[in-house]
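What follows is a short report on a single structure.
Counting starts at 1 for both ligands and their atoms, following the listed order.
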Amino acid sequence: MFDVALFNADKTEIRYIDIISRRLSIPVTKDVGQFTWILKFKKGVLALVEVKHPQRKPLCIDLLRLQRRFGSHPISRREPLARALGRKTKSVIDATAGWGRDMMLIWMMGYDVYAVERSKVMAALLMDGLRRYRRYDNSGDRLSFTVCDAQSYLLDHAADCVYLDPMFPPKRKETALAKRSIRVMRQLVGDDSDRDLLFECAWEAARKRVVTKRPNHAQPWGAPDHTFGGKLMSYDVYLKH
Ligand SMILES: C[S@@+](CC[C@H](N)C(=O)[O-])C[C@H]1O[C@@H](n2cnc3c(N)ncnc32)[C@H](O)[C@@H]1O
């Protein structure tokens, strides 16, 4: 059984559904019953629906809403994330784009951002989020997105900084209290158990530094040069001396 399919509910988006289906090799179906997840358009927005729990809120990526939530544009470079990325950094590869939250924050701080994501479900949502965002704001020239495994992307791309935010196993068994977007992502992508390899590729590709985000219960990669810690998570900085 293939776990996710595109459901063609919105006739106006037929062409776009066809493009996503071919680009990401996600089948289009009329029979949703045999899938766990369905990607479908609702009012022009691509959303992820749990087939067995249609009452649960569909998940989508709304970059405009994120931008409004983060507030002013550009964001202060005194934020812990900006301090970790560094003043002299101009370009950042966000190798683990996920829901696009950090990608958007980093871009709003004024960096050039090259985002990468390998999960086709996350990629489909992010492509749609970017497509809608660019209709509203065409200043997104400094922001690009590639669907592939970042380990291969980093072989022939470089940037001042490579930013990594892979999934880590939860501290305890995940409870219903964990944020739904995190629980769903864990179901979709697992625990990114190849994150050590990703770090090695990031180290090769970074001109100045690698920045990682990890929950405080997880170990850093070796000895970071700086750590900007928060209550639940930390940014570790590894400088290329
Ligand atoms: C914790 S989430 C990232 C959340 C993201 N920083 C945000 O702000 O929404 C981890 C994401 O990294 C992606 N990922 C992990 N390893 C990857 C790799 N080698 N190449 C591309 N994407 C990867 C996973 O598919 C997942 O979507």
I need the nearest protein heavy-atom contact for [atom]: residue, atom name and distance, please.
| atom | value |
| --- | --- |
| atom 13 (C) of ligand 1 | Glu117 OE1, 3.3 Å |
| atom 4 (C) of ligand 1 | Asp165 OD2, 3.4 Å |
| atom 5 (C) of ligand 1 | Ala97 O, 3.3 Å |
| atom 12 (O) of ligand 1 | Thr96 CB, 3.1 Å |

Does [X] approach ligand 1 within less than 4.0 angstrom via side chain, backbone, both or neither, non-hydrogen atoms only?
| X | answer |
| --- | --- |
| Asp192 | side chain |
| Met185 | side chain |
| Asp149 | both |

Against heavy atoms of Arg101, which atoms of ligand 1 measure under 4.0 Å?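 Going through ligand 1 atom by atom, the ones under 4.0 Å from Arg101 are 7 (C), 8 (O), 9 (O).
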
Under a heavy-atom criterion of less than 4.0 Å, does Cys201 contact ligand 1? no

SB check Asp112 Lys90 (cutoff 4.0 Å): no

Pair Arg195 + Asp192, salt bridge at N-O below 4.0 Å: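 No salt bridge links Arg195 with Asp192.
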
Would you call Lys88 and Asp160 a side-chain contact if the rule is heavy atoms closer than 4.5 Å?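 They are not in side-chain contact.
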
His226 and Phe228 aromatic ring geometry - parallel, tilted or perpendicular at 30°/60° bounds: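 Judged by the thresholds at 30° and 60°, the geometry between Phe228 and His226 is tilted.
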
Validate the cation-pi geometry between Arg131 and Tyr16: distance from NZ or CZ to the six-membered ring centre under 6.0 Å, angle to the ring axis within 45°. yes

